[in-house]
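All chains are named by letter (A, B, ...) in the order of the sequence lines, taking the proteins before the strands, and each is independently numbered beginning at 1.
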Amino acid sequence: QQPVQSPQAVILREGEDAVINCSSSKALYSVHWYRQKHGEAPVFLMILLKGGEQKGHEKISASFNEKKQQSSLYLTASQLSYSGTYFCGTEGWGGKLIFGQGTELSVKP
Amino acid sequence: DAGVIQSPRHEVTEMGQEVTLRCKPISGHDYLFWYRQTMMRGLELLIYFNNNVPIDDSGMPEDRFSAKMPNASFSTLKIQPSEPRDSAVYFCASSYGGLGFQHFGDGTRLSIL
């Protein structure tokens with residue numbers, strides 16, 4: 001039931017782009033994205049709802065393919081502050097949010 | 001505005017002792033969540049409440065774990081008796097209107113010796 005994230009880790013230089021993928025084996029109602037910096041709490045970034053509605057962060061975009069039960073998070077022109085672990089959370093029809101194992105993103109100067 | 005407040009921030013105790021973690025959600029939020037985070041298992045949902053009523057406790061590992069929400073501004077997670085494998089960071093989160101836009105507290109780092 002736990003969604004699968006890829007890649008597990010990625011290293012970028014400032015200004016480079018990254019894509020983080022999230023895939024589920026179950027039909028999804030929504031996908032949620034959070035970022036967690038080391039030693040801190042997760043922070044909400046974005047929610048994507050079935051039907052295409054998207055709410056969240058201004059500088060980060062994402063897509064949700066309902067048929068494939070997949071979501072991708074797009075980080076463009078990365079900044080040092082983007083470093084952290086990114087989690088996707090998937091909500092199925094049972095009304096429960098299940099998080100993936102996370103993708104560790106490191107942005108270097 | 002005050003965020004989600006958890007206490008204590010750190011807890012170190014011996015195996016077999018009772019542990020109580022506390023959480024004060026953001027005022028006005030009607031959903032409250034308890035999570036456990038470990039390197040091995042990641043971020044796991046233990047239980048969540050809506051309007052103080054437990055909705056899903058399927059993530060509670062076993063009977064040693066219990067959670068209550070006596071009112072809209074307070075919740076507890078108890079472990080009795082505690083075991084070394086319960087060592088983890090426990091997060092409380094709250095939201096308004098559904099599972100999205102969850103605000104997390106700073107967490108309680110629990111170590112069971």
- Message: Using the side chain to side chain donor-acceptor pair (under 3.5 Å) criterion, which residues pair with A:S72? Sequence neighbours excluded.
- Response: A:N21
- Do B:F101 and A:F44 make the cut of ring centroids closer than 6.0 angstrom? yes
- Item | Segment of A:E40 engaging chain B (4.5 angstrom heavy-atom cut-off) | backbone
- Option in A:P42, A:A41, A:G89 with maximal non-hydrogen atom pairs under 4.5 Å from chain B: A:P42
- If a pair satisfies side-chain hydrogen bond (donor to acceptor under 3.5 Å, both in side chains) and one of its residues is in residues 8-20 of chain A, list it, with sequence neighbours excluded. none
- Here the pair of heavy atoms bringing B:P81 nearest to B:D86 is O-OD2, 4.3 Å
- Query: Does A:I98 belong to the same Ile/Leu/Val/Met/Phe/Trp/Tyr cluster as B:Y31, with side-chain heavy atoms less than 4.5 Å apart forming each link?
  - Reply: no
- Message: Please list all pairs meeting disulfide (SG to SG under 2.5 Å) that have one or both residues in residues 12-111 of chain B, counting only residues at least two apart or in different chains.
- Response: B:C23-B:C92
- Within 6.0 Å of NZ in A:K96, more than 12 heavy atoms from elsewhere: yes
- Item | Neighbours of chain A found in residues 42-64 of chain B - heavy atoms under 4.5 Å | B:G42, B:L43, B:L45, B:Y48, B:D56, B:S58, B:G59
